[in-house]
Amino acid sequence: MSKVTVHFVSADEESTLSVEASDGDNLLTIAQIHDQPLEGTCEGQMACSTCHVIVRAADFDRLPPATEMEEDMLDLAAGARRTSRLACQITLTPDLDGLTVQMPGESHNMQII
């Protein structure tokens, strides 16, 4: 099975954690395994925005396009940017080797469940 390296950058950009994942792993799961501050309240069901990450611009176009439902959830994400995505919707593949994502500076779920 292919390995994929992912770089998690802290919100203040003071630290970067590089981890190795497997082809097919979910970015949210990998982030949580490595103690990154992504809540994932809905457990990947795309019913919240608590796994919002900011993808580095150089990597953004390597991702498959966001679905309309993901875009709707990103509209509720605190500090969302043009390159924001939900980590629960990113499946790691060899094409994403070296992916860099930054934790948002603020995070809270604005979706009322």
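No hydrogens, no waters, no symmetry mates; every other heavy atom, side chains included, goes into these values.
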Go through it in stages, so that I can follow the logic: the residues are Met103 and Val9, the test is side chain to side chain contact (heavy atoms under 4.5 Å, CB included), and I'd like the CA-CA distance, side-chain angles, deciding distance and then a yes or no. CA-CA 6 Å; Met103 301 302 111; Val9 179; over 6 Å; no
Measure across [X] and [Y] and return the closest heavy-atom pair with its distance rounded to 0.1 Å.
{"X": "Pro104", "Y": "Ala78", "value": "CB-O, 4.4 Å"}
{"X": "Cys88", "Y": "Asn26", "value": "O-ND2, 2.7 Å"}
{"X": "Ala77", "Y": "Ser49", "value": "CA-OG, 3.5 Å"}
{"X": "Gly105", "Y": "Ala11", "value": "CA-CB, 3.7 Å"}

Taking only Lys NZ, Arg NE, NH1 and NH2, and the carboxylate oxygens of Asp or Glu, determine whether Asp59 and Arg56 approach each other closer than 4.0 Å. no
Using atom types as modelled and distance alone, determine if a side-chain donor or acceptor of [X] lies under 3.5 Å from a backbone N or O of [Y].
{"X": "Glu39", "Y": "Thr50", "answer": "no"}
{"X": "Asp23", "Y": "Ser2", "answer": "no"}
{"X": "Glu70", "Y": "Leu86", "answer": "yes"}
{"X": "Arg62", "Y": "Asp97", "answer": "yes"}
{"X": "Thr83", "Y": "Ile54", "answer": "no"}

Tell me, with the steps shown, if Leu92 and Leu99 meet side chain to side chain contact (heavy atoms under 4.5 Å, CB included). CA-CA 9 Å; Leu92 298 171; Leu99 178 69; 4.1 Å; yes
I'd like to know if the side chain of His7 pairs up with that of Thr16 as donor and acceptor (distance under 3.5 Å, no hydrogens or angles considered). no
Polar side chain donor-acceptor pair, Asp12 to Ser10, under 3.5 angstrom: yes
Are any of the side-chain heavy atoms of [X] and [Y] separated by less than 4.5 Å?
{"X": "Ile30", "Y": "His34", "result": "yes"}
{"X": "Leu63", "Y": "Ile90", "result": "yes"}
{"X": "Thr29", "Y": "Ile33", "result": "yes"}
{"X": "Val6", "Y": "Leu27", "result": "yes"}

Given the rule in the side chain to side chain contact (heavy atoms under 4.5 Å, CB included) test, do Glu20 and Val4 qualify, once you have shown the distances and angles that lead to the verdict? CA-CA 6 Å; Glu20 199 171 79; Val4 180; over 6 Å; no
Dump the intermediate steps for side chain to side chain contact (heavy atoms under 4.5 Å, CB included) on Val55 and Thr100, then the final yes or no. CA-CA 6 Å; Val55 178; Thr100 301; over 6 Å; no
How many angstroms lie between [atom1] in [X] and [atom2] in [Y], if you round to the nearest 0.5 Å?
{"X": "Met73", "Y": "His52", "atom1": "CE", "atom2": "NE2", "result": "13.5 Å"}
{"X": "Glu71", "Y": "Ser84", "atom1": "CD", "atom2": "OG", "result": "9.5 Å"}
{"X": "Thr41", "Y": "Leu38", "atom1": "OG1", "atom2": "CG", "result": "10.5 Å"}

Using the rule that Ile, Leu, Val, Met, Phe, Trp and Tyr join whenever any side-chain heavy atoms are under 4.5 Å apart, tell me whether Phe8 and Phe60 fall into a single cluster. yes
